[in-house]
Amino acid sequence: MTLNRRAFLATATAASAMLAAPMVRAQARPRVVVIGGGSGGGTAARYIAKDSQGAVDVILIEGTRRYYTCYFSNLYLGGFWDFDALGHDYGRMITDDGVNVVHDWAVGVDRAAKTVALAGGATISYDRLVLAPGIDFKDGAVPGWDVTAAAKMPHAYKAGSQTQLLKAQVQAMRPGGVFAMVAPPNPYRCPPGPYERISMVAHLLKANNPTAKILLVDPKETFSKQALFEDGWARHYPGMVERIGPEFGGAAVEVRPDTMEVVIDGTAQTVDVCNVIPAQQAGRIAHLAGITNEAGWAPVSAFDMRSRQDENIFVLGDSSAQGDMPKSAFSANSQAKVAANVIRGELTGSRVFPARYANTCWSLIATDDGVKVGANYEPTEEKIASTDSFISQVGEDAELRRATFLESIDWYNGIVEDIWG
Amino acid sequence: MTPRILIALPLTLLPLVAVANGEGVEPAAPDALLALAGDAEYGAFLAQECAVCHRPTTDPAGATTEAIPVIAGRPAADLVQALFAYRAGHRANPVMQTIARSLDDEMIAALAVHFAAQTP
């Protein structure tokens, strides 16, 4: 069969229509903008892009080109993990999954216009916005400390150079010196984190500076995995750790970075290293978007992580106020998958399944002495509610503790691959 | 094999099927559960929860300790048996027990059909 002119024209027209179609679709593609490339935002961006197979335009706004996880940064302090192994970049998310990663800082959200303003000057429109900015510190939370003091008294609670600085300070401590930590009030990122850090600093000092002391100043009556940590400190680091709780002034602390003093209930003490972990709130962009509450967090629906202030905005991870889940990478990853499923469903008509949430937090107390706590959660009208949980027990044998530690390594490798590809 | 030793074993050493081990047999999943047809698309959603720990492939360059096994590509019957055994408390890991207790039969069947179809 030969093509006559009419058939040729028809074919040509169809071909040009087919060629044009992708452009038309590209222009009409719904867009999700994700602010924050950590465990919540990274997971959401990657899963929406991967599962929508190009049907959704996903733009991830992240200021850093290499993201250092706060989780496992304590193991770097203790000498159990390489610093470089804490860092993850965005190359595979871009090439394998089609996420458009823009390395810039979001400085404003216009909810009426549905646009995000970037520090570099661009304005980006969105159909759905995912906010996952993590934590910021509350100004004035520890009198005498602000970010200008962070070179003398590091927080090391956003991982990276701060973590390296804190380790260098611990390694340079004079023999018999004092390491002090000002622990944060609830709620804060990684509830067992400060206490795992105490364990890892103790491990480092036990090997290099065994007469050194650790002073833990804590505004809380109780803390995460308390029985497990206190049992571990007594077994591995006897006499090294002193905790001052709120009944002895742990909630009335001031620091003087210039003289390296910690003032507890009016009494000044000179220390050699001071790790100040201030009270926390949602990352600043959540405040600029006008979706935070009086406590400084962004309330969300437990059914899909949608902001209670704006139906087009979802908030993930540490910055959200969702109920019972701890502020952890595992939680943020779990929440991101629920939100990604809902967002993709709204924008492409894909199936939406009921929300499910889970969390596990592993902590290392000493060599091969790992513990864990975890729970399942279900959404209710009021909050994400814990339904079932477990925790390691004091007195477990060494084999089980070692197995728990090895499990945590596999988890780390699993979650960073799940987030960054 | 005492329960204590069973707890201490890495997960990969735990049998994925019911076996006699000298002191008892892990109860087998009911035939009705094994015969349940899983919804693969639902399984793909549920499996996202597993992906936070269970890596999709065995990467020789990866630093895995094999404490958490790769489950992609395992036979569906093995996966059903594993989740049934964790849910019933026959296998010891509390992370897996807690997750399995949140799964009904339909979810277990969906997960099994999803992972069985994956290429590790």
Side-chain angles (χ1 to χ4, degrees), chain A residues 39 43 47 51 81-82 85 329-334 336-338 340-341 350-360 362 370 372-378 387-393 396-419 421, chain B residues 1-14 39-72 86-87 89 91-104 106-107 110-111 114:
Chain A
S39 302
T43 303
Y47 271 76
D51 292 343
W81 202 253
D82 288 338
F330 200 124
S331 292
N333 175 275
S334 176
K337 289 163 179 172
V338 169
N341 181 247
S350 60
R351 281 173 76 184
V352 175
F353 299 100
R356 289 172 51 82
Y357 302 100
N359 177 65
T360 302
W362 288 267
K372 59 187 172 182
V373 62
N376 290 331
Y377 304 87
E378 286 180 2
T387 53
D388 194 0
S389 66
F390 66 88
I391 185 167
S392 296
Q393 299 299 304
E396 289 170 339
D397 66 36
E399 280 295 312
L400 177 52
R401 289 296 177 89
R402 175 173 159 74
T404 301
F405 169 58
L406 295 178
E407 192 177 86
S408 74
I409 293 175
D410 273 7
W411 165 75
Y412 185 86
N413 289 323
I415 191 172
V416 299
E417 185 171 339
D418 195 35
I419 298 164
Chain B
M1 189 177 283
T2 66
R4 171 172 288 191
I5 291 170
L6 191 66
I7 288 168
L9 279 172
L11 293 179
T12 41
L13 299 185
L14 292 174
D39 174 343
E41 199 175 351
Y42 188 27
F45 170 72
L46 294 171
Q48 294 180 356
E49 186 177 328
C50 313
V52 68
C53 292
H54 292 278
R55 301 174 72 194
T57 57
T58 308
D59 175 5
T64 181
T65 66
E66 298 186 1
I68 300 176
V70 173
I71 52 178
Y86 281 122
R87 186 172 70 181
R91 294 191 194 180
N93 191 294
V95 178
M96 285 307 305
Q97 286 180 345
T98 308
I99 288 167
R101 281 198 295 267
S102 75
L103 301 172
D104 61 23
E106 180 199 356
M107 292 168 167
L111 281 164
H114 167 80

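Every chain is numbered from 1 and lettered A, B, ... according to where its sequence line falls, protein lines coming before strand lines.
- No other option in A/Val338, A/Ile415, A/Ile391, A/Thr404 has as many heavy-atom pairs under 4.5 Å with chain B as A/Ile415.
- Heavy-atom distances place both the backbone and the side chain of B/Ile99 under 4.5 Å from chain A.
- Within the 3.5 Å criterion, the main-chain N or O of B/Glu49 finds no donor-acceptor partner in the side chain of A/Arg356.
- The heavy-atom pair separating A/Gly414 from B/Arg55 by the smallest distance is CA-CG, 3.7 Å.
- Looking at heavy atoms from C-beta onward, B/Gln97 lies out of side-chain contact with A/Phe390 at the 4.5 angstrom threshold.
- Counting non-hydrogen atoms of other residues, nucleotides and ligands closer than 6.0 Å to CZ of A/Arg402 gives a total of 12 or fewer.
- If you measure heavy-atom distances from A/Ser334 to chain B, you find no contacts under 4.5 Å at all.
- Contact annotation: the side chain of B/Ser102 never approaches that of A/Glu378 to less than 4.5 Å [non-hydrogen atoms, C-beta and beyond].
- In this structure, the portion of A/Asn333 lying under 4.5 Å from any heavy atom of chain B is its side chain and not its backbone.
- Using a 4.5 Å cut-off between heavy atoms, A/Asp388 contacts chain B through both its backbone and its side chain.
- Formation of a donor-acceptor pair under 3.5 Å by the A/Asp410 side chain with backbone atoms of B/Cys53 is not found in this model.
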Checklist entry - Yes or no on side-chain hydrogen bond (donor to acceptor under 3.5 Å, both in side chains) for A/Glu407 and B/Asn93, after CA distance, side-chain angles and deciding distance? => result CA-CA 10 Å; A/Glu407 192 177 86; B/Asn93 191 294; 2.6 Å; yes
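- For A/Tyr357, no part lies under 4.5 angstrom from a heavy atom of chain B.
- Closest of all the heavy-atom pairs between A/Lys337 and B/Phe45 is O-CE1, 4.1 Å.
- In this structure, B/Ile68 and A/Trp411 approach most closely via the heavy-atom pair CD1-N, 3.7 Å.
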